[in-house]
Amino acid sequence: MNLFFDLASYEFKKILCRKRTVIVLTLVVLIGALSVFGTIIGNYYYTDENGNDIAVSRYDEEMIDRRYGEELSGRVIDADLIMEAVEAYKQVPLNGDRHYSDTEEYRNNARKYSAIYGIVRRTFDLNGVEDFQKLTREQAEQFDRVRRENREYVIENSKISKNMRTYWQKCLDESPETLTYEESGGYYRFVTIMYTTAMMAGAAIAIILSGIFSEEYTSGADCLILSSKHGKGLVIGAKLFAAFVISAVLIILLTAINYAETMIVWGTGGADAQLVLMGNIFPYAITIGQSALLYSMCALAACLLFAAITAMLSAMLKAPFNTIVIMAILLIAPMFINVPNEAPVWVLTLNNLLPTNMMAFWGAMYSYQYEIFGLIIPPYVFIPIFAAVASCVCVYFSYRAFKKHQIS
């Protein structure tokens with residue numbers, strides 16, 4: 001065992017001391033640290049009633065929204081709160097040349113209720129502010145009933161299996177009948193920025209690990225390694241161990257930086273709020289804090305799978321550049337694949353298992369589940385399991401490819 005860790009330590013030094021590794025890791029950590037604060041640097045612009053462009057600090061604007069959200073936190077979204085929001089929006093003029101959000105009436109009165117407006121608009125399928133202004137108290141009192149009926153309609157009319165329909169109904173029954181608003185800007189920003197963070201980590205992993213096996217071919221060291229006593233066993237294991245540890249440390253570090261900075265700027269509130277506050281597309285009866293944790297685990301699993309695929313290609317190909325090109329395509333191409341919602345569920349769920357989609361919050365909280373032998377598994381559980389199994393397969397082919405490599 002000591003020999004294995006000695007070999008692993010040697011592999012760590014080989015990987016981390018490469019010039020490109022130092023450059024890539026430095027850039028990724030710096031960009032990761034600056035990405036959060038970068039979203040609040042600069043100004044927003046809006047046009048006042050005199051047609052003048054007014055610049056306001058992005059940070060000040062974000063803090064205003066945070067303060068408004070914290071003022072509303074803990075309030076049940078009922079008829080009283082909805083009508084309070086409607087009355088505020090009624091003061092917003094809609095017949096001017098400016099967008100309603102640029103008006104003083106909106107900024108001073110209605111802006112506080114923008115989150116409530118969004119939730120109510122989705123629930124009642126309103127066309128816009130004008131419809132919201134016309135909302136009556138009788139309609140507002142039906143908010144909880146309409147919200148449940150909308151979910152029930154989706155359950156009954158979706159082209160899903162009986163088992164999945166039963167699962168959706170179970171999630172609906174476990175959800176609270178009433179919604180309590182909570183300011184969750186920190187968690188919203190965390191999961192939003194985390195997608196870019198995971199993508200950035202994936203790109204860094206591909207560059208750093210692209211030569212973990214193939215550079216032994218180009219340097220001629222494969223002759224020495226494969227002819228040595230432990231070259232076909234412990235050395236390969238040490239390389240793979242180092243690859244996974246470096247990848248895991250990188251994504252965990254970037255996740256920690258993202259989480260710490262978003263919580264500092266936007267606050268830690270809203271962890272116990274229901275996930276449905278972040279959008280009606282998520283059917284799960286879990287909290288926003290739980291969803292952020294589960295999503296982080298999926299992003300970690302996706303990055304480790306990315307490391308496993310990179311190592312496999314590195315063992316199969318003779319040039320690190322070829323591995324980088326293929327991994328870049330694998331990382332970017334899924335962003336351009338648009339699978340229509342009308343596609344069969346198995347196509348949608350299969351598309352969700354592409355590494356890039358596994359790195360997204362909507363991928364971890366996808367509305368469709370995985371059905372295996374009648375067992376329904378939510379994506380935030382299935383993705384780490386799939387990534388672990390797929391990584392094991394890649395490890396096997398990496399081991400086999402390097403071990404069977406023909407020494408020239």
Side-chain angles (χ1 to χ4, degrees), residues 44-151 153 175-189 266-267 269-270 272-282 288:
Y44 284 117
Y45 294 89
Y46 73 95
T47 306
D48 64 12
E49 63 274 9
N50 298 319
N52 300 317
D53 289 333
I54 306 298
V56 291
S57 165
R58 288 179 179 269
Y59 176 78
D60 291 339
E61 291 288 280
E62 293 290 343
M63 292 305 100
I64 290 172
D65 288 332
R66 175 181 173 180
R67 186 181 74 248
Y68 283 152
E70 290 172 346
E71 289 176 4
L72 293 176
S73 290
R75 294 188 60 178
V76 175
I77 303 178
D78 55 11
D80 290 338
L81 179 55
I82 293 173
M83 292 312 299
E84 189 176 315
V86 169
E87 291 302 319
Y89 268 82
K90 282 183 178 180
Q91 300 179 48
V92 179
L94 301 178
N95 55 357
D97 295 332
R98 293 181 298 157
H99 191 268
Y100 76 88
S101 62
D102 288 342
T103 64
E104 291 297 322
E105 291 82 358
Y106 170 80
R107 298 176 66 83
N108 295 332
N109 299 291
R111 180 176 175 177
K112 175 180 178 179
Y113 301 96
S114 60
I116 306 302
Y117 162 70
I119 294 170
V120 174
R121 179 181 178 179
R122 293 194 300 267
T123 300
F124 288 101
D125 194 23
L126 304 177
N127 289 325
V129 173
E130 187 174 357
D131 285 353
F132 186 70
Q133 291 176 335
K134 297 176 182 177
L135 201 71
T136 65
R137 187 171 188 88
E138 288 73 20
Q139 290 175 299
E141 289 174 346
Q142 301 300 314
F143 174 76
D144 291 329
R145 180 183 63 79
V146 172
R147 190 169 64 86
R148 184 177 180 88
E149 287 179 350
N150 290 343
R151 292 281 298 277
Y153 178 84
S175 300
E177 293 185 2
T178 59
L179 279 180
T180 299
Y181 180 76
E182 293 289 344
E183 164 60 20
S184 55
Y187 285 94
Y188 176 79
R189 294 286 181 170
W266 287 281
D272 295 329
Q274 289 299 306
L275 179 61
V276 70
L277 288 176
M278 295 184 71
N280 292 337
I281 62 173
F282 307 127
I288 289 175

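Because only heavy atoms are used, hydrogens play no part in the values below, and waters and symmetry mates are left out as well, while side chains stay in.
Using a 4.5 Å cut-off on side-chain heavy atoms (C-beta onward), D78 and F143 make no contact. Between N150 and D125, the closest side-chain pair of non-hydrogen atoms is not below 4.5 Å.
Atom CD of Q142 has more than 12 neighbouring heavy atoms from other residues, nucleotides or ligands inside a 6.0 Å radius. With a 6.0 Å radius and a threshold of 12 heavy atoms from other residues, nucleotides or ligands, F124 has its CZ atom above the threshold.
Contact detail for I119 and I77: the closest heavy-atom pair is CD1-CD1, 3.8 Å.
Looking only at distances, no side-chain donor or acceptor of R75 sits under 3.5 Å from a matching main-chain atom of T180. Judged by distance alone, the side chain of E84 and the main-chain N or O of Y113 form no donor-acceptor pair under 3.5 Å. No side-chain donor-acceptor contact under 3.5 Å links R147 to the backbone of T123.
The salt bridge (charged side-chain N to carboxylate O under 4.0 Å, His left out) check on E70 picks up R66, with sequence neighbours excluded. Every salt bridge (charged side-chain N to carboxylate O under 4.0 Å, His left out) that E62 has, sequence neighbours left out, goes to R189. Partners of R67 under the salt bridge (charged side-chain N to carboxylate O under 4.0 Å, His left out) rule, at least two apart in sequence or in another chain, are E71.
Salt bridge status for E87 with K90: present, with a side-chain N to carboxylate O gap under 4.0 Å.
Taking CG from L81 and CD1 from I116, the interatomic distance works out to 4.5 Å, rounded to the nearest 0.5 Å. Rounding to the nearest 0.5 Å places CG of L94 at 10.5 Å from OH of Y89.
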Let's go through D65 and R111 carefully: what are the C-alpha distance in whole Å and the side-chain angles of both, what is the deciding distance for salt bridge (charged side-chain N to carboxylate O under 4.0 Å, His left out) to 0.1 Å, and is it a yes or a no? CA-CA 8 Å; D65 288 332; R111 180 176 175 177; 2.9 Å; yes

